[in-house]
Amino acid sequence: MLIRNFLKKNRVYYLTSQIPKGKVSTYGHLAKAMRKPNVTRTIGKILNINPNPVIIPCHRVVYADGEIGGYCNGINEKIKLLSTEGIIIVNRKITNFKDILFTDFK
DNA sequence: GCCATGGCTAGTA
DNA sequence: GCCATGGCTAGTA
């Protein structure tokens, strides 16, 4: 049971690490990539306890409608990180969301 | 019982 | 904006 959770968490982190700089993905798309479309909220929890927010780019995971969602170090930090990667955010929403959406998980 | 979601809908402009 | 879901976990017994 413990091993199973360990593997699941690492799968989430591995998939998240595939999102390239300048792009974003959503909790829902990560859930689909895990073949478990209903675990979206759990994905959020797992990213929240992310042991290494720099290596694992959990700031590139946002809501399905392009709103930026939460971040373990506060959403201002998330906005800052995304901005430095060239992503434009106007009152918590990504302007060209559809153009920079990454879904091609391996 | 909590929640870093998502989808649907009412109601505005 | 509202609420149905579903997986997790603290805390009880």
Side-chain angles (χ1 to χ4, degrees):
Chain A
M1 202 58 77
L2 224 52
I3 288 280
R4 194 182 159 75
N5 287 336
F6 177 80
L7 292 175
K8 193 201 284 180
K9 281 176 190 172
N10 280 281
R11 177 87 177 135
V12 172
Y13 297 144
Y14 172 65
L15 289 171
T16 302
S17 73
Q18 294 177 22
I19 307 170
K21 195 186 213 182
K23 298 223 166 195
V24 296
S25 196
T26 71
Y27 302 96
H29 279 104
L30 278 174
K32 262 179 230 155
M34 308 263 304
R35 308 249 167 209
K36 287 233 170 202
N38 295 324
V39 299
T40 50
R41 306 186 85 137
T42 308
I43 302 263
K45 264 188 197 171
I46 290 171
L47 292 179
N48 191 23
I49 58 170
N50 179 353
N52 199 330
V54 180
I55 305 293
I56 300 158
C58 55
H59 60 281
R60 295 181 191 147
V61 183
V62 301
Y63 286 172
D65 62 355
E67 213 172 302
I68 59 164
Y71 192 62
C72 54
N73 294 331
I75 58 168
N76 286 335
E77 181 68 13
K78 190 169 185 176
I79 291 171
K80 198 163 83 181
L81 284 168
L82 289 173
S83 296
T84 62
E85 298 183 353
I87 291 168
I88 297 156
I89 297 154
V90 178
N91 55 39
R92 298 190 178 183
K93 244 180 155 174
I94 297 168
T95 53
N96 57 336
F97 177 55
K98 292 200 173 83
D99 301 329
I100 61 166
L101 179 61
F102 174 85
T103 59
D104 188 25
F105 293 105
K106 300 284 187 308

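Only this structure's heavy atoms are used, side chains among them; waters, hydrogens and symmetry mates stay out. Naming: A, B, ... by sequence-line order, numbering from 1 per chain.
- A donor-acceptor pair under 3.5 Å is formed between the side chain of A/K78 and the backbone N or O of A/G70.
- The shortest distance between side-chain heavy atoms of A/N76 and A/Y71 does not fall below 4.5 Å.
- In DNA chain B, runs of at least 3 stacked Watson-Crick or G-U pairs (N1-N3 plus N6-O4 or O6-N4, or N1-O2 plus O6-N3, all under 3.5 Å) give these stems: B:1-3 with C:6-8, B:5-8 with C:1-4.
- The shortest distance between side-chain heavy atoms of A/K93 and A/D65 falls below 4.5 Å.
- Under the 3.5 Å distance criterion, the side-chain polar atoms of A/N48 are left unmatched by any main-chain donor or acceptor of A/G44.
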Original post:
What one-letter contact string describes nucleotides 3-13 of chain B from 5' to 3', where B marks a base within less than 4.0 Å of any protein heavy atom, S marks contact via sugar-phosphate atoms alone, and - marks no contact?
Top reply: BBBS-------
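- Using a distance-only test at 3.5 Å, with no hydrogens or angles considered, no donor-acceptor pair links the side chain of A/T40 to the main chain of A/G28.
- With contacts defined as side-chain heavy-atom distances shorter than 4.5 Å, the pair A/L47/A/Y27 qualifies.
- When hydrophobic residues (I, L, V, M, F, W, Y) are linked wherever their side-chain heavy atoms come within less than 4.5 Å, the members clustered with A/I100 are A/V24, A/V62, A/I68, A/I75, A/I79, A/L82, A/I87, A/I89, A/I94, A/F97, A/L101.
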